[in-house]
Protein chains: 2
Amino acid sequence: MKPEKQERIINAAMKEFVKSGYEKASTNEMVKDAQISKGSLFNYFSNKKDLYFFLIQNAVNIIEQIYVEIDMNERDIFERISQVGFIKLNIQKKYPLVFDFLKSLLEEDAQDVKSDINLLLANIQKNGFKRIYENIDWSKLREDIEPEKAMNILNWTMTGFAELQIAKITSFEDIGIGLFNEWDSYKEILKRCFYKNGEE
Amino acid sequence: MKPEKQERIINAAMKEFVKSGYEKASTNEMVKDAQISKGSLFNYFSNKKDLYFFLIQNAVNIIEQIYVEIDMNERDIFERISQVGFIKLNIQKKYPLVFDFLKSLLEEDAQDVKSDINLLLANIQKNGFKRIYENIDWSKLREDIEPEKAMNILNWTMTGFAELQIAKITSFEDIGIGLFNEWDSYKEILKRCFYKNGEE
DNA sequence: AAAACATTGACCAAAGTGGTCATTTTTTGT
DNA sequence: ACAAAAAATGACCACTTTGGTCAATGTTTT
């Protein structure tokens, strides 16, 4: 199967699952959106559940990819977080809904899939979040700021910034140099706030 | 009709509309959740659309209430934002989903209601966001920080903080003094960052 | 005890569901 | 050029759910 077609199916299916949840998600809508026939979809996947778990596995693999792309030698928290942000942005060019899809899994409560979801997500959450902050040099932080709170503010700022940018653009393709500069200025504001005077 | 019952219906209906969007939202689910009969629902509202627009109007009124409760004499941006945050928190005690519902309206694309939604929301967005920042004293800000960016960081931090707290608690009732103190410490971090030395 | 009002849920036609499969279209190997 | 194999189609199915109705039943008020 052509990769472009596969992407179309994956994105259409994720869109529908995100919008409607597992049970109400309509395979009819998916095939319409992906521009394939109903028969095709059920040739590739034996049933709706099968498709759903394929998407989950696919999403989990994509998340894993983030960790192999992170440069663990970068010990500065701002640079590390920026890295993660831009890796995510790149992923969203191909699969715009993959993070929404993963988020939707946490809220899914269809009896039919709930337990399997929890099983598949247990690993990603336990190991996941800690790994992003591995080998970070916390010593640059001012002593009177709790690292956890600084980290939260930084994270919320990046998430908010990203959402704002995504709302502004129409396509993930037209992401320019302006975005880097804009994010840099936010970074500078918080750096001056969190770091001891003179550092970095 | 007893106000407690009315609340039950409103919250059940909002829950379903948020979860499923206008078209897929099931009136059957609503009556089940609100513990009333199908007949009752359609006595109060002539049809689904009618119910939907009632909820929108209700939500808009609630938002309006925020603005009358804000103390416009408080010229400090941090205190102003904190006020808004706590007013919102109080609203959510009664209507936990009202903000999610309003947000869901922006993503709604059912042909049947789209144009009317845009009409009803036009005002709230145009006038709304500006009003929160009316009469703020920006002179305390360090000159090398763009007010818009400081405001964004502050807003994102408050939103992130609120989401974190809401995820932690099971009921809006058990909001204690600890929350105030925790938010205060975030406020202090950002104040020291954004304000000229020695101010406030 | 009668009149007025509120609430119920079985019922309906219509639409939508996940999934099938005989048939057609496209690709492949020679 | 042609046949065999593979891929794609969409009408079709039995079944569920939909928004909405309304005669019957319960509850209040007069």
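Sequence lines set the chain letters: A, B, ... in the order given, protein chains first and strands last, and positions in each chain run from 1. Being a predicted model, the structure only gives us computed values, none of them experimental.
Remark: B:Lys48 is not positioned above the aromatic ring of B:Phe53, lacking an NZ or CZ atom under 6.0 angstrom from the ring centre and at most 45 degrees off the axis. A cation-pi arrangement is absent between A:Lys15 and A:Phe101, since the terminal nitrogen or guanidinium carbon is not both under 6.0 Å from the aromatic centre and inside a 45° cone about the axis.
Using a 4.0 Å cut-off between a side-chain N of Lys or Arg and a carboxylate O of Asp or Glu, A:Glu23 and A:Lys49 do not qualify as a salt bridge.
Distance CE (B:Met30) to P (C:dG9): 19 Å, rounded to an integer number of Å. The distance from atom CZ of B:Phe45 to atom C1' of C:dA6 is 15 Å, rounded to the nearest whole Å. Between B:Gln6 atom CD and C:dA6 atom C1' there is a gap of 15 Å when expressed in whole angstrom units.
In this structure, a donor-acceptor pair under 3.5 Å is absent between the side chains of B:Tyr95 and B:Asn58.
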Reading nucleotides 8-21 of chain D from the 5' end, what letters show protein touch, with B for base, S for backbone sugar-phosphate only, - for no heavy atom under 4.0 Å? BBB-------BBBB

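Under the side-chain hydrogen bond (donor to acceptor under 3.5 Å, both in side chains) criterion, A:Gln35 pairs with no residue, sequence neighbours left out.
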